[in-house]
Every structure is written in C-alpha cells, then in structure tokens.
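Predicted model, so just to flag it, every value in this text is computed and none were measured. Atoms within each ligand, like the ligands themselves, are counted from 1 in listed order. Only this structure's heavy atoms are used, side chains among them; waters, hydrogens and symmetry mates stay out.
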Amino acid sequence: MIIVQNYIAGSFETEIETIDDIGPATGEKIAKIPRTLDANASISAAKEAKKDWANRTIEERAQWLGKIADAIEQRKSELAKVESLDTGKPIEVALNVDIDRCIKNFRFFSEYHTHISENEYRMDDATNFILRKPMGVVALITPWNLPLYLLTWKLAPALLMGNTVVAKPSELTPLSAHALCQILEDIQFPKGVVNMVHGFGHEVGQSIIEHPDIDAISFTGGTQTGRIVASIAAPMFKKLSLELGGKNSSIILDDADLSIAIPGVVRAGFLNSGQICLCGSRILVHASIYDEFMKEFIPQVNNFSIGPVISENHMQKVLSYIELAKEEGGEILTGGEQSGENGFFIPPTVITGLEPDSRCSTEEIFGPVVTIHTFQSDEEAIAIANNTDYGLAGSVWSKQRGMAVAEKIESGMIWVNTWLHRDLRVPFGGVKDSGLGREGGRWSLEFFSQPINICVMD
Ligand code: NAD
C-alpha cells in the first residue's frame with residue numbers, strides 16, 4: 001500500500017483523514033492519500049518561497065528545469081509504473097506517451113526561455129522597456145486522464161517565469177505527482193517553490209481557488225467544474241486559464257486516403273480508452289465511402305487494445321451513455337458492455353444510427369465510445385461538427401480539401417491527415433465551452449507572467 005503525503009515547504013506531511021486510491025485495472029485499493037481540507041499552509045509556504053525564487057535569473061530557473069528533466073529521465077520506468085498502476089493505462093503508453101512528454105515539457109521550457117522576444121519600443125524622445133514579472137503564487141489544478149503529463153505542462157512554464165506553485169492533482173490519480181515531489185526532494189530543489197496538496201476538489205481544490213493569496217489559476221478539467229472555478233475567480237480578478245471538455249469530430253472526406261485515415265481515426269477515438277480531451281468521438285464519414293470505411297474500421301477497432309476507464313463511477317457514466325444511445329435509436333456495432341471480472345473495463349464501442357444532434361453525439365462521454373454519422377457535402381460535415389457546445393479539437397482526412405474544411409470548424413485545434421501531432425510552441429486550447437486562454441510556447445509564458453512597461457525619456 002502506497003502512502004501519499006502532501007509536500008509543503010519541502011517536507012512531506014500527512015493528514016489525519018485519508019481517501020482510498022483505487023486501481024482501475026483491479027478495482028482494489030492501491031494507496032491512501034491525505035484528505036486535506038484547506039490549503040493555507042501550502043499557500044503560505046509558496047508565498048514565502050516567492051521572495052527568493054522570483055528574484056533568481058531566468059537562466060538559473062531554466063537550469064533547474066533541465067535538472068528536473070534529467071531526474072525524471074533517470075527514473076522514467078518507476079514513474080511509468082506508478083502512472084500505469086494509478087490510471088490503468090498500459091505501461092508502454094504510460095512510458096512512451098505520458099512520462100516521455102513530462103521530460104519534454106521540462107526540456108522544452110528550459111530551452112524556450114531564450115525565445116522570449118525583445119521588448120523595447122522606441123519613440124522619438126523616449127524608450128519603452130517591457131519587463132515580464134512573475135504572477136506570484138499560482139494554483140495548478142489537474143485531472144486524472146494524463147496526470148503527470150498535464151501537471152508538468154503547467155509546472156514547467158510557471159517555474160520558469162518565477163512563480164511559486166500550489167498544485168492539486170486529481171484525487172483519483174495522485175501517485176505520479178507524489179513521486180515527482182520525491183524527485184524534487186532528491187535533487188534538492190529549493191523548498192517551498194513547489195507545494196503539492198491532495199484531497200477532494202470541492203474541499204482543498206476550492207480552498208485554493210478561493211484564497212486571496214493565489215494570483216493566478218491554471219485549471220484543466222471538466223466544463224462544469226470550470227464554471228465553478230470561474231465563478232469564484234472572476235469577482236476576485238484572478239488571472240484564469242481554463243482547459244475544459246471537448247466533443248471532437250474526425251471528418252473523413254470522400255477524397256481521403258483511407259489507408260491512413262482509418263488507423264488515424266481509430267487511434268483518435270480510443271487512445272487512453274477515449275479519455276483524452278482531444279479524442280475524436282464523433283466520426284463523420286462521407287456517405288459515398290461509408291461501406292468501404294466501415295469494412296476496415298470495425299476490425300481495426302476490435303484489434304485496438306485499451307486499458308480500463310478510470311473508476312467505477314466513470315464506468316457507470318459511460319455505460320449509462322451507451323444505454324441512452326439505445327434509447328435514442330442507436331445501434332451498437334461492437335463493444336457496449338462491461339468486460340472482465342475485475343476492474344473497470346469497457347471494450348471499444350461503436351454506435352451508428354444516431355441523429356447528429358442527439359445527446360450521445362453532442363455531449364462529452366470521455367470513454368471508449370464513438371458515434372458514426374454520414375454526410376453528403378463538406379458544408380454538411382462542417383455544420384455537424386460545429387453543432388456542439390464544445391470547440392476543442394478535431395481532425396479532417398482528405399487529399400485535397402483538408403485545410404479548407406479545417407478553417408471552418410469552430411475549434412481551437414484541428415489536425416489534417418493526422419491527430420495528436422504536437423509542436424509544443426503552438427497554441428493549445430479551446431473555444432466555446434471548451435475553455436478560455438491558451439497554453440503552449442509563448443502563450444504559457446505570457447499566462448504565467450505579467451508585462452510591466454517602463455517608459456524612459458531620453
Ligand atoms: P474534474 O473537473 O472533475 O476535475 C479536475 C480537477 O479539478 C481535479 O483535480 C478535481 O479534484 C478538481 N476540482 C473538482 N472540483 C473542484 C472545485 N470545486 N474547485 C477546485 N477544484 C476542483 O475533471 P476530471 O474528471 O478530473 O477530468 C476529466 C475532464 O477534464 C474532461 O471533461 C476532459 O475533457 C477534461 N480535460 C481537458 C483537457 C484540456 O486540455 N482541455 C485535458 C484533459 C482533460
């Protein structure tokens with residue numbers, strides 16, 4: 001049994017009350033985590049540490065990011081093991097997708113600081129100098145689907161720009177964040193700069209958001225939770241970044257190269273058991289190629305190996321959407337039921353026959369479930385893709401018209417003839433109910449800093 005502790009001012013601390021952490025592959029208890037009720041101690045620690053960390057040079061902070069990347073690299077198999085245990089994802093996915101990306105997150109921002117553009121604006125009689133100051137103490141709140149990947153995607157730029165941090169990982173997947181704190185301790189990372197608190201979102205998570213000494217909040221999670229966070233942060237004028245849910249379309253036009261589109265769309269639908277905000281869970285296929293597409297698509301879906309979904313509760317939510325799909329007139333072509341004796345497994349599930357505006361086709365299910373729809377023209381495909389409250393991502397598969405269709409999709413990110421092909425310099429984020437603000441490259445650096453202008457007369 002792993003005992004997870006809070007990490008505050010460089011020391012590991014326990015709470016009297018604990019929460020059980022259940023492994024989704026077995027349904028058994030794998031760890032106990034602190035049920036922290038308030039974040040006051042961690043926020044005070046971060047506030048104290050800010051005095052020193054904010055005053056170090058950006059080069060020194062960048063060097064620390066490099067050291068963290070090295071230390072993660074040395075312990076990558078250990079980290080992949082705990083990530084796989086906690087999320088149920090196959091160990092190769094944990095190693096090659098999750099932990100690999102954590103290392104890249106730190107390395108990327110460690111090197112990226114040299115790209116911060118020169119900030120001097122000359123006038124006839126004066127010069128403006130723009131300084132980038134840290135925000136102060138920042139809150140990082142993250143979900144369970146890519147636990148360390150998403151935490152480090154925020155942590156690296158926050159630290160680079162001179163902020164100190166209070167982070168709260170999901171109560172469903174606390175293990176890799178705890179392991180990261182052990183790594184920080186081992187490499188003697190300055191105490192109090194990173195503080196990690198564990199517990200329920202509506203308890204310790206909300207106490208972080210509400211605290212007056214939190215200067216900025218970077219939140220990734222569901223749209224409903226994002227609304228609560230925004231309603232607390234807005235009247236306090238806290239800087240806020242929200243990366244929220246999605247219901248993304250994979251659009252296969254009549255001129256698509258099916259030999260790349262089909263495996264691409266299968267991966268987009270089911271990687272991480274469909275539990276990635278970018279997953280393409282609505283598949284729109286041109287009617288003229290539907291039969292040819294389906295003949296190859298279903299066998300590839302059945303061969304795609306996935307892990308469990310994250311929890312008993314989440315499994316019940318996904319299964320209830322499959323029931324709803326039947327009530328809405330859908331036909332289950334493959335999957336559709338819980339599988340296995342233990343753990344929370346649902347095989348890849350494909351549903352046809354639903355109206356494109358049905359609930360199952362427009363609401364986020366966040367599991368291994370895709371719906372298939374046909375269309376007759378590019379305009380119709382675009383209209384179906386845009387007919388949801390979300391606007392996070394999507395993909396278009398076409399030899400000729402990918403870019404033209406992609407431009408008309410209401411969404412923050414679109415891939416053409418690929419999916420989840422990431423350049424860490426580009427903006428990442430959603431429109432509509434999928435969020436507010438952007439992460440990535442200079443967008444992350446801008447979020448975690450504030451520009452101050454000093455105008456000096458000649
Ligand atoms: P969630 O909203 O339930 O929880 C996210 C985090 O917020 C957790 O750490 C949780 O403890 C905390 N939290 C919950 N209530 C809170 C409150 N009142 N105050 C402060 N913190 C609170 O989301 P989840 O179920 O963990 O994650 C799945 C969701 O995340 C999906 O909707 C998915 O699309 C979304 N997601 C979005 C992105 C993106 O980049 N846009 C990436 C990954 C996941």
Side-chain angles (χ1 to χ4, degrees), residues 19 21 24 33-39 86-87 97-98 101 105 139-154 166-174 176-177 196-211 214 217-233 238 240-248 271-281 309-311 313-315 317-318 321 363-367 388-394 411-413 420 422 427-440 443-444:
I19 303 170
D21 179 16
I33 74 167
R35 181 177 172 184
T36 317
L37 295 180
D38 74 68
D86 222 2
T87 58
V97 177
D98 293 71
R101 179 57 192 278
N105 287 341
L140 311 182
I141 307 230
T142 44
W144 47 259
N145 63 329
L146 299 164
L148 198 59
Y149 173 137
L150 291 174
L151 171 60
T152 55
W153 178 231
K154 299 179 187 300
V166 175
K168 196 210 85 69
S170 168
E171 58 275 26
L172 298 176
T173 53
S176 54
M196 193 76 62
V197 284
H198 297 273
F200 290 121
H202 64 278
E203 293 180 345
V204 69
Q206 194 153 326
S207 89
I208 298 172
I209 308 290
E210 287 168 347
H211 201 291
I214 292 291
I217 300 162
S218 178
F219 173 86
T220 298
T223 294
Q224 271 310 102
T225 319
R227 260 194 200 103
I228 297 172
V229 171
S231 71
I232 298 168
K238 288 177 194 262
L240 185 59
S241 159
L242 296 171
E243 297 289 346
L244 307 177
K247 184 75 176 182
N248 314 300
L271 187 69
N272 210 39
S273 303
Q275 301 170 125
I276 301 180
C277 53
L278 308 167
C279 276
S281 54
V309 297
I310 192 66
S311 65
N313 266 349
H314 193 55
M315 179 174 71
K317 176 188 153 187
V318 174
Y321 265 107
E363 295 179 11
E364 186 184 48
I365 300 175
F366 214 57
T388 153
D389 293 336
Y390 295 107
L392 190 58
S411 138
M413 297 161 280
L420 200 54
R422 293 276 294 121
F428 180 102
V431 302
K432 297 168 36 178
D433 287 1
S434 289
L436 191 69
R438 294 289 181 274
E439 297 185 324
W443 289 271
S444 292

Practice problem: Please report the C-alpha distance between E363 and Y390 in whole Å, then the side-chain angles of each, then the deciding distance to 0.1 Å, and finally whether the side chain to side chain donor-acceptor pair (under 3.5 Å) criterion is met. | Solution: CA-CA 8 Å; E363 295 179 11; Y390 295 107; over 6 Å; no
Exercise. Output, in order, the C-alpha distance, side-chain angles, deciding distance and verdict of side chain to side chain donor-acceptor pair (under 3.5 Å) for S411 and K432.
Key: CA-CA 8 Å; S411 138; K432 297 168 36 178; over 6 Å; no
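Here the side chains of M196 and L151 are in contact, with some heavy-atom distance below 4.5 Å. The shortest side-chain heavy-atom distance between D433 and L244 does not fall under the 4.5 Å cut-off. Contact check for W144 versus H314: side-chain heavy atoms found under the 4.5 Å cut-off. Counting heavy atoms from C-beta outward, L140 and V166 have side chains that stay 4.5 Å or more apart. A heavy-atom distance below 4.5 Å is not found between the side chains of R35 and E171.
Note that atom 4 (O) of ligand 1 has no protein non-hydrogen atoms nearby, at separations under 4.0 angstrom.
For atom 24 (P) of ligand 1, the nearest non-hydrogen atom from the set Y390, Y149, W144, F219 belongs to W144. Counting heavy atoms only, T225 comes closest to atom 15 (N) of ligand 1 of the residues T225, T142, V204. When the heavy-atom distances from atom 37 (C) of ligand 1 to T223, N145, L244 are ranked, the shortest goes to L244.
Under 4.0 angstrom from ligand 1, the non-hydrogen atoms of L150 all belong to its side chain. No part of Q224 comes within 4.0 Å of ligand 1, judged by heavy-atom distances.
Heavy-atom proximity to E171, at under 4.0 Å, picks out these atoms of ligand 1: 10 (C), 11 (O). Numbered from 1 in the order shown, with element, the atoms of ligand 1 that lie under 4.0 Å from a heavy atom of Q206 read 17 (C), 18 (N), 19 (N), 20 (C). Taking every non-hydrogen atom of I141 and a distance limit under 4.0 Å, the qualifying atoms of ligand 1 come out as 6 (C), 7 (O), 9 (O), 12 (C), 21 (N). Within ligand 1, the atoms closer than 4.0 Å to a non-hydrogen atom of G205 are 19 (N), 20 (C), 21 (N), numbered from 1 in the order shown.
Remark: R438 engages no residue in a side chain to side chain donor-acceptor pair (under 3.5 Å) (not counting sequence neighbours). In this structure, the side chain to side chain contact (heavy atoms under 4.5 Å, CB included) partners of P174, at least two apart in sequence or on a different chain, are V4, D21, I33, D86, H198.
Looking at atom 42 (C) of ligand 1, its nearest protein heavy atom turns out to be C277 SG, 3.0 Å. Protein heavy atom nearest atom 34 (O) of ligand 1, with residue, atom name and distance: E364 OE2, 2.6 Å. Looking only at protein heavy atoms, the nearest one to atom 17 (C) of ligand 1 is G201 O, 3.3 Å. Of the protein's heavy atoms, G222 N, 3.3 Å lies nearest to atom 23 (O) of ligand 1. Closest to atom 28 (C) of ligand 1 among all protein heavy atoms lies F366 CE2, 3.7 Å. Scanning the protein heavy atoms around atom 40 (O) of ligand 1, the nearest turns out to be F428 CE2, 3.3 Å. Residue, atom and distance of the protein heavy atom nearest to atom 27 (O) of ligand 1 are P143 CB, 3.2 Å. Looking from atom 35 (C) of ligand 1 to the surrounding protein, the closest heavy atom is G221 O, 3.2 Å.
Using a cut-off of 4.0 Å between Lys/Arg side-chain N and Asp/Glu carboxylate O, D389 and K247 are scored as not salt-bridged.
Contact between S170 and ligand 1 is present, with at least one heavy atom of the residue lying under 4.0 Å from the ligand.
Annotation: the span from L240 atom CG to S218 atom OG amounts to 8.5 Å, rounded to 0.5 Å.
Using modelled atom types and a 3.5 Å distance limit, the side chains of D38 and S207 yield no donor-acceptor pair.
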